[in-house]
Amino acid sequence: MTDTAIELIGLKKRFGGIFAVNDLNIKIRSGTITSIIGPNGAGKTTVFNLISGFIKPTTGSILFSEQNITQKEVHDIARMGVARTFQQVQIFPEMSVLENVMVGRHVRSKSGFLLSCIVPPQFRKQEAFIKTSAEKWLSFVGLNSMADHPAGTLPLGNQRILEISRALAMEPQVILLDEPASGLNARETLALGELIERIKMSNITVMLVEHDMELVMEISDRVIVINFGQVIADGSPAEVQMNPEVIKAYLGE
Ligand code: ATP
């Protein structure tokens, strides 16, 4: 992994008449937790959608570990090592918790999920490996005791954690977490913060979009504040909290 995990160069995304992302130039250091905060509609999720390849920029470039990924497809970017979670939890409710995580691991495997379902003998060894890996990540996030439960029966907090473990099972170098604390209670949010710090300690670079300011200020190495698609402040949690423009645009008194 290079010193810079993700680099955005002159990144712009226009939707009709508005620039959701308007000339971002940002370098994200490897092995850190960087939060992107800002008011509703500031462009935060659009930044994640651009990095993970769900949408293409109007202009500008995105580098991952110095490789240009700007025009790469979603699955290629995931396979290269950039995983993400979503604002709306995206799990397979009928499948077990373990199977949900195994789907993430299959992204990395040569066979892919469907092939492994229809041609079992050749892939049995690989399947066992994927299961072990999925179990490892379930233990990492603390959901191993629920491995056999249908994912849809988990409370929302655990569904969010499950989604994170599925992203981790892709063995990423970078993970993008989009509002992971949304809908969580105080105790769950505290546990989430600890989990995110452990993810960082596992040498995975974390980018976080989050409205829970207590969580953001507690765990972030760096906070980037955007408004109307542009950076209005960038620094340590203490620095951005004292920035008058940030207080005016977002944090309030
Ligand atoms: P929130 O905190 O509410 O999730 P955000 O900072 O993540 O907001 P984005 O979702 O990135 O904001 O949206 C930025 C702007 O781009 C908004 O004005 C939004 O309406 C617009 N936008 C986002 N996606 C699209 C799209 N697919 N088509 C048209 N406009 C879009």
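Indexing begins at 1, ligand by ligand and atom by atom, following the structure's order.
Near His211, the atoms of ligand 1 lying under 4.0 angstrom from a non-hydrogen atom of the residue are 2 (O). Each of the following atoms of ligand 1 lies closer than 4.0 Å to a heavy atom of Ala42: 5 (P), 6 (O), 12 (O). Numbered from 1 in the order shown, with element, the atoms of ligand 1 that lie under 4.0 Å from a heavy atom of Glu179 read 2 (O), 4 (O).
In terms of protein heavy-atom proximity, atom 7 (O) of ligand 1 is closest to Thr45 N, 2.9 Å. Here the heavy atom of the protein found nearest to atom 14 (C) of ligand 1 is Gly41 O, 3.3 Å. From the protein, the heavy atom lying nearest to atom 9 (P) of ligand 1 is Thr46 OG1, 3.6 Å. Nearest non-hydrogen protein atom to atom 3 (O) of ligand 1 is Asn40 OD1, 3.2 Å.
With Lys44, Lys13, Arg14 as candidates, the residue nearest to atom 2 (O) of ligand 1 on a non-hydrogen basis is Lys44.
Geometrically, Arg84 engages Phe54 in a cation-pi contact, judged by NZ or CZ lying under 6.0 Å from the ring centre and within 45° of the ring axis.
Under a 4.0 Å N-O distance rule, the pair Lys136/Glu171 qualifies as a salt bridge. Note on Asp234 versus Arg222: salt bridge recorded, some NZ/NE/NH1/NH2 to OD/OE distance being below 4.0 Å. Salt-bridge check for Asp178 with Lys44: failed, with every basic side-chain N at 4.0 Å or more from each acidic carboxylate O.
Defined by atom type and a distance below 3.5 Å, a donor-acceptor pair is missing between the side-chain atoms of Asn22 and Arg14.
Between Phe15 and ligand 1, a contact under 3.5 Å exists for no N or O pair. For ligand 1, the polar-atom distance check finds no N/O of Ala20 at less than 3.5 Å from any of the ligand's N/O atoms.
Minimum heavy-atom separation, Ile219 to Gly193: CG2-O, 3.9 Å.
The presence of a protein heavy atom under 4.0 Å from atom 20 (O) of ligand 1 is ruled out. For atom 31 (C) of ligand 1, a protein heavy-atom neighbour is present inside the 4.0 Å cut-off.
Of the heavy atoms in Ile18, only side-chain atoms (C-beta onward) come closer than 4.0 Å to ligand 1.
Using a 4.0 Å heavy-atom cutoff, Gln87 is listed among the residues neighbouring ligand 1. Using a 4.0 Å heavy-atom cutoff, Gly38 is absent from the residues neighbouring ligand 1.
By the neighbour-count criterion of 12 heavy atoms within 6.0 Å, atom CZ of Phe228 is sparsely surrounded, having that number or fewer from other residues, nucleotides or ligands. No more than 12 heavy atoms of other residues, nucleotides or ligands shown are found within 6.0 angstrom of NZ on Lys27. Around the CZ atom of Arg198, the shell of radius 6.0 Å holds more than 12 heavy atoms that belong to other residues, nucleotides or ligands.
Between the side chain of Thr189 and the main chain of Asn185, a donor-acceptor pair closer than 3.5 Å is present.
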